[in-house]
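Values in this document were obtained by computation on a predicted structure and should not be read as measured data. Note that these values count all heavy atoms, side chains included, but never hydrogens, waters or copies made by symmetry.
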Amino acid sequence: MKEIVRINHVGLRVKSLAISRAFYEKLGFEFIEGPIGPEPVAVMEHPCGININFILNGSEDEVLNVLMDVPNKHTGFTHIALEINDIKAVQERLAELEFPVTEGPITVPSGAMFLFIRDPDDNVIEFHLPAKLAN
């Protein structure tokens, strides 16, 4: 469909707006509005244009991320990949924030590099350095 021009936003179901907001603000996202609507939803946006909608009705029950953390691999979106331009700077900032890297950094044959963290609700975030920027 040629009418599609870009991803508008990513929706993440979360337990706490305050906790999620504080985490994503440390990654540079800015609070826009919320809670709004019947779900309810809160909106944050990064200066580069990435928009995240937090769906604010996550269960307080402790559960595994069923898309990533169980042996039976369910279908669905598994992570968000944020493109970066400096993997060392990202690693340093994550260390300063005490956000543990859960996997990586990994370099693939093309030269692209990536690493992963988890947000407070166990959603997976990839920091992706394209090969063209890694060389």
Side-chain angles (χ1 to χ4, degrees):
M1 227 177 165
K2 66 182 178 183
E3 295 81 8
I4 297 172
V5 295
R6 67 184 186 99
I7 293 174
N8 182 271
H9 66 272
V10 174
L12 294 176
R13 188 173 316 280
V14 301
K15 294 178 187 176
S16 165
L17 173 56
I19 292 170
S20 294
R21 178 178 175 172
F23 177 88
Y24 283 89
E25 282 176 340
K26 291 176 182 173
L27 296 179
F29 286 80
E30 299 169 358
F31 183 76
I32 304 297
E33 64 180 334
I36 55 173
E39 277 292 333
V41 172
V43 180
M44 294 190 77
E45 188 169 273
H46 193 274
C48 74
I50 297 170
N51 186 290
I52 297 177
N53 286 201
F54 297 122
I55 296 90
L56 305 172
N57 58 7
S59 169
E60 291 296 327
D61 296 340
E62 291 295 322
V63 295
L64 292 173
N65 179 328
V66 297
L67 296 175
M68 299 297 288
D69 299 331
V70 296
N72 187 18
K73 299 302 178 194
H74 300 275
T75 59
F77 293 101
T78 60
H79 66 284
I80 182 173
L82 305 176
E83 188 170 310
I84 58 173
N85 58 17
D86 185 337
I87 199 161
K88 288 182 180 166
V90 168
Q91 287 178 285
E92 289 170 5
R93 183 66 179 136
L94 293 174
E96 289 171 11
L97 294 169
E98 299 182 354
F99 290 175
V101 173
T102 56
E103 187 178 354
I106 298 165
T107 304
V108 295
S110 69
M113 299 176 72
F114 45 91
L115 59 89
F116 298 87
I117 65 171
R118 299 279 183 117
D119 79 0
D121 291 289
D122 242 6
N123 296 302
V124 178
I125 302 167
E126 174 185 339
F127 293 93
H128 185 98
L129 181 68
K132 65 184 176 193
L133 298 177
N135 299 323

Distance from Ile84 atom CD1 to Arg93 atom CZ, nearest 0.5 Å? 14.0 Å
State, to 0.1 Å, how close Ser110 and Ala131 come at their nearest heavy-atom pair, and which atoms those are. O-CB, 3.1 Å
Nearest heavy-atom neighbours spanning Ile19 and Ser16: N-OG, 3.1 Å
Just by modelled atom types, is the Phe116 backbone N or O under 3.5 Å from a matching donor or acceptor in the Thr102 side chain? yes
State the CD1-CD1 distance between Ile7 and Ile50, to the nearest 0.5 angstrom. 9.0 Å
For the residue pair Phe29 and Ile52, establish whether any side-chain heavy-atom pair is separated by less than 4.5 Å. yes
4.5 Å side-chain heavy-atom contact, Glu45 and Glu30: no
Spacing of OG belonging to Ser20 relative to CG belonging to Asp121, to within rounding of 0.5 Å: 4.5 Å
Hey, what do you get for OH (Tyr24) to CZ (Phe54), rounding to the nearest 0.5 Å? 5.5 Å
Quick check: do Leu115 and Leu94 have side-chain heavy atoms less than 4.5 Å from each other? yes
Spacing of CD belonging to Gln91 relative to CD1 belonging to Ile117, to within rounding of 0.5 Å: 12.0 Å
For a side-chain contact (heavy atoms from CB on, under 4.5 Å) check, start with the C-alpha distance between Val10 and Asn53, then their side-chain angles and the critical distance, and finish with the verdict. CA-CA 6 Å; Val10 174; Asn53 286 201; over 6 Å; no
State plainly whether one hydrophobic cluster holds both Phe31 and Leu97, where clusters connect Ile, Leu, Val, Met, Phe, Trp and Tyr through side-chain heavy atoms under 4.5 angstrom apart. yes
Verify same cluster id: Phe77, Ile4 (apolar side-chain graph, 4.5 Å): no
Could you walk me through whether His79 and Glu126 pass the side-chain hydrogen bond (donor to acceptor under 3.5 Å, both in side chains) check? CA-CA 7 Å; His79 66 284; Glu126 174 185 339; 2.9 Å; yes
Closest approach of Gly111 to Ala134 (non-hydrogen atoms, all atoms of both residues): O-CB, 3.2 Å
If I take atom CE from residue Met44 and atom NE2 from residue His46, how far apart are they, to the nearest 0.5 angstrom? 10.0 Å
Over 12 foreign heavy atoms within 6.0 Å of CD, Glu96: yes
Using modelled atom types only, decide if a donor and an acceptor are shared between the side chain of Asn123 and the backbone of Leu12 within a distance under 3.5 Å. no
Evaluate the criterion side-chain contact (heavy atoms from CB on, under 4.5 Å) for residue pair Leu56 and Val14; output intermediate values, then yes/no. CA-CA 5 Å; Leu56 305 172; Val14 301; 3.6 Å; yes
Any heavy-atom pair between the side chains of Phe99 and Leu27 that's under 4.5 Å? yes
Joint cluster assignment, Ile55 & Val124, ILVMFWY side-chain distance < 4.5 Å: no
Would you sort out whether Met113 and Lys88 count as a side-chain contact (heavy atoms from CB on, under 4.5 Å), showing the intermediate values? CA-CA 11 Å; Met113 299 176 72; Lys88 288 182 180 166; over 6 Å; no
Minimum heavy-atom distance Gly28-Pro47, with the two atoms named: O-CD, 3.2 Å
Would a hydrophobic clustering, with Ile, Leu, Val, Met, Phe, Trp and Tyr connected at side-chain separations under 4.5 Å, put Ile125 with Val90? yes
Hphob cluster co-occupancy, Ile80 + Val41, side-chain heavy atoms under 4.5 angstrom: no
Between Glu25 and Arg21, does any side-chain N to carboxylate O distance fall below 4.0 Å? yes
